[in-house]
**Student:** 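Shown below is the structure under consideration.
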Amino acid sequence: LKLIPTLRVGMQPGALRPSAQSTDFYSHAERGSEIKTPHLPPNGSEAMTKLYAGIDGGATKTRVVLTTAEGVTLAEQVTGPSNYQTVGMDEAVGNLLGGLDAALAQVNQPIQAVERVVAGVAGFDAKADAASILHMMAVAAAHAGPQTEWIAVNDAVVAWEAPLCR
């Protein structure tokens, strides 16, 4: 059994800096068997649906999938690579956030509708990478706002988990 490093980043209301919590493993909540068709209110509505984003941030491309809590896929977007070691921090963060923003635009929802983002990020291979990934997630968390929790894992974890979640 190998424990997978996980980094959680979230903005606390009124905080000037993001808080980070490193955990020893990552686990996901199991989806219920009932799938409902989502009802998305128009942008700006107070009855906003909570959305969830999964990001596969690889060395060649970044894929963002936007879902409801029930697991219904609402939008998908592909952008450039998000491995900070190969493209640099600015481009990596830009591709992560650009993909998320584009997916949200497809369903006409603001970033405030996103409750949690799980990002499998290439380049998060060792404890030494944690500071760089923390910076990347802190920038993303500041963009998204205090309501959105960001969880970062190595992109291989996304590949391992995906078949198990169907």
**Student:** Report the distance from atom CD1 of Ile133 to atom CG of Asn154, rounding to the nearest 0.5 Å.
**Tutor:**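 So the CD1 of Ile133 and the CG of Asn154 are separated by 9.0 Å.
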
**Student:** When clusters are formed by joining ILVMFWY residues with side-chain heavy atoms under 4.5 Å apart, either directly or through shared neighbours, do Val64 and Val107 land in the same one?
**Tutor:**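 Yes; tracing contacts between hydrophobic side chains, which count when under 4.5 Å, links both residues.
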
**Student:** Side-chain heavy atoms nearer than 4.5 Å, only ILVMFWY residues, links allowed to pass through others: does that put Val117 and Val78 together?
**Tutor:**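 Hydrophobic grouping puts Val117 apart from Val78.
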
**Student:** Are Val121 and Met89 connected into the same hydrophobic cluster when the rule is that any two of I, L, V, M, F, W, Y join if their side-chain heavy atoms are below 4.5 Å apart?
**Tutor:**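 Yes, Met89 connects to Val121 through the hydrophobic network.
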
**Student:** Could you tell me the separation between the CD1 atom of Ile55 and the CH2 atom of Trp150, rounded to the nearest 0.5 Å?
**Tutor:**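 CH2 of Trp150 is found 4.5 Å from CD1 of Ile55.
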
**Student:** Do His143 and Leu100 touch side chain to side chain, with heavy atoms closer than 4.5 Å?
**Tutor:**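 In short, these two side chains do not touch, never coming nearer than 4.5 Å.
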
**Student:** Could you check whether any side-chain N or O of Gln147 sits under 3.5 Å from a backbone N or O of Ala144, counting only pairs where one atom can act as donor and the other as acceptor?
**Tutor:**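 Side chain of Gln147 to backbone of Ala144, a donor-acceptor pair under 3.5 Å: yes, one is there.
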
**Student:** Quick check: is Met136 connected to Ile111 through a chain of hydrophobic side chains (ILVMFWY, heavy atoms under 4.5 Å apart)?
**Tutor:**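 Same cluster.
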
**Student:** Quick check on side chain to side chain donor-acceptor pair (under 3.5 Å): which of Thr60, Asp155, Thr62 does Ser82 satisfy it with?
**Tutor:**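 It is Thr62, the one option of Thr60, Asp155, Thr62 that forms the side chain to side chain donor-acceptor pair (under 3.5 Å) with Ser82.
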
**Student:** Under 4.5 Å between side-chain heavy atoms, counting indirect links through other Ile/Leu/Val/Met/Phe/Trp/Tyr residues: same cluster for Tyr52 and Ile151 or not?
**Tutor:**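 The answer is no; the residues belong to distinct hydrophobic clusters.
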
**Student:** When you measure from the side chain of Asn83 to the backbone of Gly58, do you find a donor-acceptor pair of N or O atoms at a distance under 3.5 Å?
**Tutor:**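 Not at all, since once roles are kept as given, no pair shorter than 3.5 Å links the two residues.
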
**Student:** Quick one: side chains of residues 92-99, donor-acceptor pairs under 3.5 Å with protein atoms, not counting sequence neighbours, listed by atom name and distance.
**Tutor:**
unit_1, atom_1, unit_2, atom_2, d
Asn95, ND2, Pro81, O, 2.5
Asn95, ND2, Glu91, O, 3.3

**Student:** Is the backbone N or O of Glu76 less than 3.5 Å from a side-chain atom of Gln106, with the two atoms forming a donor-acceptor pair by type?
**Tutor:**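 Indeed, once roles are kept as given, a pair shorter than 3.5 Å links the two residues.
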
**Student:** Would you please name every residue forming a side-chain hydrogen bond (donor to acceptor under 3.5 Å, both in side chains) with Asp129, sequence neighbours left out?
**Tutor:**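 Partners of Asp129 under the side-chain hydrogen bond (donor to acceptor under 3.5 Å, both in side chains) test: Tyr84, Gln85.
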
**Student:** Looking at every heavy atom in both Ala122 and Ala59, which two are closest together, and how far apart are they?
**Tutor:**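 Closest approach of Ala122 to Ala59, heavy atoms only: CB-N, 3.9 Å.
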
